[in-house]
**Student:** 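For reference, the structure I am asking about is given below.
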Amino acid sequence: RTSTRRSNCTSYIVMLGIGSGLACSPTSFVLSAPLYSITLDGDGDDDLMTFSSTAFDIDGADYTFSFWAKLDDLDGPMTVLGGASHFKQNISIDLNTGNLILESDTNADTQQTGSDKIDKDTNWHHYAITVNGGVADGTIIYNDGSKSTLGATSPIGGSYGDNMTVARLGGGGTDADTKFVGHIYQFAIFDKVLSALEISTIGGGSPISLEENYGSYVSTDNLIHLWNFDEGTGSSVADSAGSLTGTLTDDTAFSTDIPS
């Protein structure tokens with residue numbers, strides 16, 4: 001990715017004498033937002049980005065999950081982040097109900113929380129879920145930088161009682177009916193609850209780089225996983241903040257269709 005030059009120059013006029021000029025402090029550079037997304041067509045079990053199975057203690061620890069998504073199909077639930085063998089441990093967009101859902105499953109006991117309503121269209125949108133583990137009602141869901149009203153179907157925050165174990169972007173388990181159809185951009189996981197101002201900075205306008213602090217966003221050091229999809233070609237996806245290297249499978253590919 002390229003850097004954008006940030007000018008630090010101020011013009012001045014000599015008051016007692018003749019002339020004018022331009023005074024400049026050292027130039028700074030801002031890292032640009034990622035240039036690629038990944039596209040998944042959801043036509044089978046293998047259209048995914050896979051990575052090593054990883055557990056997140058959403059009952060006892062703090063997290064923020066942040067990503068952009070653009071849907072190419074407006075029918076049924078779609079898993080964004082899911083498990084390798086159990087589809088009921090995931091983050092999903094359910095277009096039947098218009099909810100963004102965080103879900104964990106302990107045997108037959110499913111706990112989930114969902115936003116009241118999200119946009120059901122084929123435009124780019126930013127989504128974020130903050131989890132204050134162990135705190136009742138400690139989950140907040142954001143859509144395009146703003147808080148969404150919660151519409152929980154089970155107790156939320158401090159009531160999951162289990163980890164959310166995931167290993168895939170674009171699907172979960174072997175349920176082809178919940179495969180994601182569309183584009184995913186800049187998927188990030190933090191080990192803290194980002195503030196509302198930070199979420200607004202990340203998702204309330206054009207994308208920014210999450211690899212350096214910018215404006216109200218000050219949590220670069222709290223990134224634990226970040227898939228920027230910078231490669232643009234091939235099948236390997238680097239984790240810029242951790243060690244979960246992703247692998248694009250079947251028809252999953254890089255795309256220059258990104259949010260603006």
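Here, residue 1 is the first one in the sequence, and each next residue gets the next number. Hydrogens, waters and symmetry mates play no part in the numbers below; they use all other heavy atoms, side chains included.
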**Student:** Heavy atoms only: give me the nearest Pro207-Ala33 pair and the separation to one decimal.
**Tutor:**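 Closest pair (atom of Pro207, atom of Ala33, distance): O-CB, 3.6 Å.
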**Student:** Under the 4.5 Å side-chain heavy-atom rule for ILVMFWY, direct or indirect, which residues accompany Tyr185?
**Tutor:**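 Other cluster members: Trp68, Trp124, Ile258.
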**Student:** Quick one, Leu169 and Phe180 - any side-chain contact, counting heavy atoms below 4.5 Å?
**Tutor:**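 Counting from C-beta outward, Leu169 and Phe180 never come under 4.5 Å.
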**Student:** Heavy-atom distance under 4.5 Å between the side chains of Met49 and Phe187, does that happen here?
**Tutor:**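 A side-chain contact under 4.5 Å is absent here.
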**Student:** What is the minimum heavy-atom distance between Tyr217 and Ile202, and which atoms define it?
**Tutor:**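 Heavy-atom minimum between the residues: CD1-CD1, 3.8 Å.
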**Student:** Using the side chain to side chain contact (heavy atoms under 4.5 Å, CB included) criterion, which residues pair with Asp221? Sequence neighbours excluded.
**Tutor:**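 Asp221: no side chain to side chain contact (heavy atoms under 4.5 Å, CB included) contacts found.
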**Student:** Determine whether Gln186 and Asn228 make a side-chain contact, defined as any pair of heavy atoms from C-beta on separated by less than 4.5 Å.
**Tutor:**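 In short, these two side chains touch, coming nearer than 4.5 Å.
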**Student:** Atom OG1 in Thr252, atom CD1 in Ile38: separation rounded to 0.5 Å?
**Tutor:**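 Rounded to the nearest 0.5 Å, the OG1-CD1 separation comes out at 6.5 Å.
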**Student:** Looking at OG1 of Thr256 and CG of Leu35, how far apart are the two atoms once the value is rounded to the nearest 0.5 Å?
**Tutor:**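 Answer for the OG1-CG pair, Thr256 versus Leu35, is 9.5 Å.
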**Student:** Give a yes or no answer on whether the side chain of Asp72 reaches the backbone of Val181 with a donor-acceptor pair at less than 3.5 Å.
**Tutor:**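 No, because the side chain of Asp72 does not come within donor-acceptor range (under 3.5 Å) of the backbone of Val181.
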**Student:** Rounded to the nearest 0.5 Å, what's the gap from CG on Leu223 to CD on Glu211? Could you check?
**Tutor:**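 Those atoms lie 8.0 Å apart.
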**Student:** With a 4.5 Å limit on heavy-atom distance, are the side chains of Leu100 and Asn143 in contact?
**Tutor:**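 They are not in side-chain contact.
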**Student:** Just jot down the side-chain hydrogen bond (donor to acceptor under 3.5 Å, both in side chains) partners of Thr220, sequence neighbours excluded, or say none.
**Tutor:**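 Asn213.
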**Student:** List for me each residue that meets salt bridge (charged side-chain N to carboxylate O under 4.0 Å, His left out) alongside Asp257, sequence neighbours excluded, and say none if there are none.
**Tutor:**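 Partners of Asp257 under the salt bridge (charged side-chain N to carboxylate O under 4.0 Å, His left out) test: Lys70.
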**Student:** How close do Thr165 and Ala55 get, heavy atom to heavy atom, and via which atoms?
**Tutor:**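 Scanning both residues completely, I find the closest heavy atoms to be OG1-CB, 3.6 Å.
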**Student:** Please report the closest heavy-atom contact between Gly234 and Leu248, naming both atoms and the distance.
**Tutor:**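 Answer, listing the atom of Gly234 first, then Leu248: O-CD1, 4.1 Å.
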**Student:** Going through the checks in order, is the side chain to side chain contact (heavy atoms under 4.5 Å, CB included) test met by His125 and Asn123?
**Tutor:** CA-CA 6 Å; His125 294 286; Asn123 299 320; 4.0 Å; yes
**Student:** Assess whether side chain to side chain contact (heavy atoms under 4.5 Å, CB included) is satisfied between Leu71 and Met78, documenting all intermediate values.
**Tutor:** CA-CA 9 Å; Leu71 305 176; Met78 296 186 191; 3.9 Å; yes
**Student:** Donor-acceptor pair, Thr201 side chain versus Leu197 backbone, under 3.5 Å?
**Tutor:**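 Side chain of Thr201 to backbone of Leu197: a pair is present.
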**Student:** Would you say that His225 contacts Phe51 through its side chain, given a criterion of any heavy-atom pair below 4.5 Å between the two side chains?
**Tutor:**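 SC-SC contact between His225 and Phe51 ruled out.
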**Student:** I'd like to check the side-chain hydrogen bond (donor to acceptor under 3.5 Å, both in side chains) partners of Ser66; sequence neighbours left out, ordered by chain and number.
**Tutor:**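 With sequence neighbours excluded, Ser66 shows a side-chain hydrogen bond (donor to acceptor under 3.5 Å, both in side chains) to His126, given in chain and number order.
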**Student:** Run the side-chain hydrogen bond (donor to acceptor under 3.5 Å, both in side chains) test against Ser219 and tell me which residues pass, sequence neighbours left out.
**Tutor:**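 In terms of side-chain hydrogen bond (donor to acceptor under 3.5 Å, both in side chains), with neighbours along the sequence ignored, Ser219 is linked to Lys192, Glu198.
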**Student:** So, using side chain to side chain contact (heavy atoms under 4.5 Å, CB included) as the criterion, who are the partners of Ala238 when residues are at least two apart?
**Tutor:**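 Residues passing side chain to side chain contact (heavy atoms under 4.5 Å, CB included) with Ala238: Glu231.
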**Student:** Could you work out, with side chain to side chain contact (heavy atoms under 4.5 Å, CB included) as the rule, every residue matching Ala253, not counting sequence neighbours?
**Tutor:**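 Ala253: side chain to side chain contact (heavy atoms under 4.5 Å, CB included) contacts with Thr39.
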**Student:** Give the minimum heavy-atom separation between Asp239 and Leu226, together with the two atoms involved.
**Tutor:**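 Answer, listing the atom of Asp239 first, then Leu226: OD1-N, 2.9 Å.
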**Student:** With sequence neighbours left out, what residues match Thr54 under side chain to side chain contact (heavy atoms under 4.5 Å, CB included)?
**Tutor:**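 Scan of Thr54 (side chain to side chain contact (heavy atoms under 4.5 Å, CB included), adjacent residues dropped) gives Phe56, Leu244.
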**Student:** Contact between Thr79 and Arg168 at the side-chain level, heavy atoms closer than 4.5 Å - yes or no?
**Tutor:**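 SC-SC contact between Thr79 and Arg168 ruled out.
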**Student:** Would you sort out whether Lys179 and Leu40 count as a side chain to side chain contact (heavy atoms under 4.5 Å, CB included), showing the intermediate values?
**Tutor:** CA-CA 9 Å; Lys179 291 297 183 290; Leu40 308 100; over 6 Å; no
**Student:** Between Met164 and Val193, is there a shared hydrophobic cluster once you connect ILVMFWY residues whose side-chain heavy atoms come closer than 4.5 Å?
**Tutor:**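 No, Met164 and Val193 fall in different hydrophobic clusters.
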**Student:** What are the two closest non-hydrogen atoms of Ala167 and Ser53, and how far apart are they?
**Tutor:**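 Nearest heavy atoms, Ala167 then Ser53: CB-CA, 3.8 Å.
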**Student:** What orientation do Tyr63 and Phe65 show, parallel under 30°, tilted 30 to 60°, or perpendicular over 60°?
**Tutor:**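 The arrangement is tilted - the two ring planes meet at 30° to 60°.
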**Student:** For the CG atom of Leu74 and the OG1 atom of Thr122, what is their distance to the nearest 0.5 Å?
**Tutor:**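 Here the interatomic distance stands at 6.5 Å.
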**Student:** Nearest 0.5 Å, what's the CD1-OG distance between Ile141 and Ser146?
**Tutor:**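 If we round to the nearest 0.5 Å, Ile141:CD1 and Ser146:OG are 14.0 Å apart.
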**Student:** Any side-chain to backbone donor/acceptor pair from Thr64 onto Leu194? Under 3.5 Å, distance only.
**Tutor:**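 Pair found, side chain donor or acceptor close to backbone of Leu194.
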**Student:** Go through the structure and list residues passing side-chain hydrogen bond (donor to acceptor under 3.5 Å, both in side chains) with Asp62, not counting sequence neighbours.
**Tutor:**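 With neighbours one apart ignored, the set is empty.
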**Student:** Considering residues at least two apart in sequence or located in another chain, which fulfil the ring-ring contact (aromatic ring centres under 6.0 Å, His included) criterion with Tyr127?
**Tutor:**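 Scan of Tyr127 (ring-ring contact (aromatic ring centres under 6.0 Å, His included), adjacent residues dropped) gives Phe67.
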**Student:** Any side-chain to backbone donor/acceptor pair from Thr249 onto Leu48? Under 3.5 Å, distance only.
**Tutor:**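 A pair under 3.5 Å: yes.
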